[in-house]
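Computed from heavy atoms alone, side chains included, the values below leave out hydrogens, waters and symmetry copies.
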Amino acid sequence: MIVAALLAASVLFVRMPTFRRRVVEVESTVADLARLLSIAAAAGLPLGTAFETVAPEIRGPLGDEVKDLLRSARTIGLTAALLSSTTLGPLGSALARAHASGSPLTQTLDAHLTAHSAERVGRALEIARTAPVKVMIPLALLLLPGFTALVVGPTLLDHVMDVTRFGR
């Protein structure tokens with residue numbers, strides 16, 4: 001029974017974080033892109049040049065998306081290409097607004113990174129709030145019976161021995 005409970009707990013607690021880690025990796029890649037773009041914009045590069053400078057540093061599906069974005073920016077313009085990007089999400093639309101209006105890119109990128117950081121803190125707090133609920137079942141199934149046997153067992157055994165007069 002203990003082996004089955006440990007196996008069930010390992011399946012629950014090992015499989016779920018694997019999925020969460022994959023989601024966080026994709027989001028942190030977008031955040032990494034925003035950080036790199038912020039550094040390039042702070043150096044005085046315009047948005048198009050910043051994307052061209054940062055593109056070789058981004059790997060995976062987001063790197064392919066950035067390269068496609070640069071290719072389409074040559075034909076339809078950077079603002080339209082940013083708006084049509086689905087992978088960049090809110091970052092793409094914020095950069096498109098900043099590029100179209102001429103507002104400073106560093107402020108836009110800093111605002112996005114601050115929002116992303118606040119979102120990550122919120123998710124971490126939500127996970128911390130749900131931890132006691134997830135711990136209740138293993139606590140009830142594994143610790144409570146042993147604790148009960150240690151505390152109530154000797155008293156119960158003493159009462160049984162008094163009633164049956166066994167061992168006296």
_Does Leu144, at its CG atom, have more than 12 non-hydrogen atoms belonging to other residues, nucleotides or ligands within less than 6.0 Å?_
yes

Shortest non-hydrogen contact from [X] to [Y]?
| X | Y | value |
| --- | --- | --- |
| Val54 | Leu33 | CG1-CD1, 3.6 Å |
| Leu69 | Ala81 | CD1-O, 3.2 Å |
| Ser93 | Leu83 | CA-CD2, 4.2 Å |
| Ala140 | Pro145 | O-CD, 3.3 Å |
| Leu109 | Ala34 | CD2-O, 4.0 Å |
| Pro46 | Leu105 | C-CD1, 4.4 Å |

At what distance, to the nearest 0.5 angstrom, does [atom1] of [X] lie from [atom2] of [Y]?
| X | Y | atom1 | atom2 | value |
| --- | --- | --- | --- | --- |
| Lys67 | Arg71 | NZ | CZ | 8.0 Å |
| Leu78 | Leu47 | CG | CG | 5.0 Å |
| His99 | Thr108 | NE2 | OG1 | 11.5 Å |
| Leu95 | His112 | CG | NE2 | 8.0 Å |
| Leu62 | Leu88 | CG | CG | 6.0 Å |
| Leu45 | Glu52 | CG | CD | 10.0 Å |

Could you tell me whether the side chain of Thr114 and the main chain of Asp110 form a donor-acceptor pair under 3.5 Å? yes

query = Is a side-chain N or O of Thr75 found less than 3.5 angstrom from the main chain of Ser72, in a donor-acceptor match?
reply = yes

State yes or no: do Leu113 and Ile39 share one hydrophobic cluster built from I, L, V, M, F, W and Y residues joined by side-chain heavy-atom distances below 4.5 Å, directly or via other members?
-> no

Side chain to side chain donor-acceptor pair (under 3.5 Å) filter on Thr106, not counting sequence neighbours, yields none

Exactly one candidate in Ile137, Leu139, Leu143 meets side-chain contact (heavy atoms from CB on, under 4.5 Å) with Leu141; the answer is Ile137

